[in-house]
Amino acid sequence: MKTFTKILTAVGALVLTASAAHEADACTRVVYRGADNLYVVARSLDWKTPIPTNIYVYPRGISKQSSNLPNHLKWTSKYGAVYAVSYDGGITEGMNEKGLVVNGLFCKGTVYNDSVSSKPYVMSLAVFPAWLLDQCADVQEVRKMLEDPGFEIQGATFDGGTVSALHWGVTDASGESIIFEFDHGKINIHDMGDVRAMTNDPQWPAMTAIINYWDKVGGRNFLPGTVSSPDRCVRANYFAHHVEAVPEADTGVTIARSILVNCSVPYTYLIQGDPNVSSTQWRTYSDVRDVRYYFELVTNPGYYYIDLRTLDLSKGAPVLKLETSKTSDLVGNANGRLVKSKPFTPMY
């Protein structure tokens, strides 16, 4: 009993030190490793109010720019991709036709720019994920793009003035995964190695210290159970390492979904006196082997997917859109519900 009490005391001190003032924000990302090259990237989007999010599919060959300011970057998309676009104005995450996945999660420690220096270009957060997904086939190409990007971040606030402070998880079709974080104009890139989960705060070096601690404690009989960011990350990582590795995509997505639900925040859950607690609004599952992107509103009875391999992503093909608010009856392949659309208008 004394040993158990010491463990509880040590864990409490570690979590409080690492997550003071950060424990309420909630998003979770898990990488499920199956068999026969199956990897599923599962993530939850958690916020205090619903974040309207629609699905867009963009073909190759579209010219884009990084900002509405004069000193913007320009590029032409090399790959087609599916984007989750929140408020119809900014890309939260996406997957391209090569199976590269980019997800943004809140991280309060993020400081994008260095006030004492300036870079030649401006990049809006509204299109930043597209800049990577449009031009990169794998994690190594993302690393190269981030070595010296030459831009400062521009981003609108939302939901009454909230700053979009994000760090990013990236996984490719081989299962290689990195996390990168902005720190006063510098981009720190972390190799996830065999860690298979990320959440919000603290930043990655401190989070890995917590994960390493719990790996030594062991999780079969004792895991942290709160909705705090470190607790959710530890649980997700433990279960991702202790489920069966299967080759079937449908079963793999189901397993990834079960892990993510275990680490989600119940819908409408509140803590009196803590206005920052965020409940899960939607979840996604990116099957990077079969290039299927699954979307699940927590208020819907089921979930559905976009199959990029069977869509026309060639240059000149139309932009397609699915309004998720009109999908309460939709389960399974949702390609037939995509409609031609204008590109979304970035919320610079």
Side-chain angles (χ1 to χ4, degrees), residues 29 31 39-43 45 53-66 73-105 123-146 149 166 168-174 176-178 180 282 284-295 304-324 333-335 337-347:
R29 182 183 192 267
V31 179
Y39 292 92
V40 178
V41 180
R43 76 81 52 89
L45 188 287
T53 302
N54 290 320
I55 297 173
Y56 283 80
V57 177
Y58 274 54
R60 309 172 206 118
I62 295 183
S63 297
K64 302 179 184 180
Q65 64 184 52
S66 64
L73 286 166
K74 292 184 177 181
W75 73 93
T76 300
S77 57
K78 184 177 179 181
Y79 304 111
V82 55
Y83 308 134
V85 181
S86 295
Y87 299 103
D88 252 6
I91 300 172
T92 304
E93 64 170 33
M95 176 174 64
N96 70 19
E97 61 183 297
K98 293 295 184 180
L100 181 71
V101 179
V102 177
N103 312 92
L105 282 70
M123 171 66 71
S124 170
L125 283 174
V127 296
F128 174 59
W131 181 70
L132 295 172
L133 291 167
D134 291 354
Q135 301 179 88
C136 299
D138 55 33
V139 163
Q140 291 305 314
E141 291 186 5
V142 170
R143 285 181 182 272
K144 184 173 290 187
M145 289 276 283
L146 296 174
L166 305 171
W168 304 83
V170 183
T171 300
D172 63 23
S174 73
E176 184 177 0
S177 298
I178 59 172
F180 66 89
W282 50 258
T284 63
Y285 314 95
S286 299
D287 171 0
V288 301
R289 182 190 68 186
D290 305 299
V291 203
R292 289 181 172 182
Y293 180 78
Y294 295 72
F295 194 87
Y304 48 88
Y305 65 88
I306 304 299
D307 186 348
L308 286 183
R309 286 188 174 175
T310 60
L311 291 174
D312 182 5
L313 301 177
S314 62
K315 182 178 180 180
V319 172
L320 301 174
K321 178 181 180 180
L322 191 154
E323 293 189 44
T324 62
N333 191 322
N335 284 16
R337 294 283 285 272
L338 292 164
V339 298
K340 294 181 181 179
S341 170
K342 295 179 180 179
F344 75 92
T345 302
M347 187 172 60

Exercise for the section: Would you please indicate if the ring centroids of Phe344 and Tyr56 are separated by under 6.0 Å? Expected result: yes
Exercise for the section: Would you please indicate yes or no on a ring centroid separation below 6.0 angstrom for Tyr83 and Tyr58? Expected result: yes
Exercise for the section: Mark yes when over 12 heavy atoms from residues, nucleotides or ligands other than Lys321 sit less than 6.0 Å from its NZ; otherwise mark no. Expected result: yes
Exercise for the section: May I ask you to decide whether Arg60 forms a salt bridge with Glu97, counting only side-chain N to carboxylate O separations under 4.0 Å? Expected result: yes
Exercise for the section: Apply side-chain contact (heavy atoms from CB on, under 4.5 Å) to Ala317 and list each qualifying residue two or more places apart in sequence or on a separate chain. Expected result: Pro59, Asp312, Ser314
Practice task
Consider only side-chain N and O atoms of Asn54 and Asp88, and report whether a donor and an acceptor are under 3.5 Å apart.
Solution key: yes
Exercise for the section: Would you sort out whether Tyr304 and Tyr294 count as a ring-ring contact (aromatic ring centres under 6.0 Å, His included), showing the intermediate values? Expected result: CA-CA 5 Å; Tyr304 48 88; Tyr294 295 72; 9.3 Å; no
Handout entry: Side chain to side chain, Arg143 and Val170, heavy atoms closer than 4.5 Å
Key = no
Handout entry: Sole candidate of Ile62, Val319, Val85 that passes side chain to side chain contact (heavy atoms under 4.5 Å, CB included) when paired with Pro343
Key = Val319
Problem - Atom of Met95, atom of Ser286 and distance for their closest heavy-atom approach - result: SD-CB, 3.9 Å
Practice task
I would like to know whether Met123 and Leu73 meet side chain to side chain contact (heavy atoms under 4.5 Å, CB included); could you show each step before the answer?
Solution key: CA-CA 7 Å; Met123 171 66 71; Leu73 286 166; 4.0 Å; yes
Exercise for the section: Could you tell me which residues satisfy side-chain hydrogen bond (donor to acceptor under 3.5 Å, both in side chains) with Gln135, sequence neighbours excluded, listed by chain and number? Expected result: none
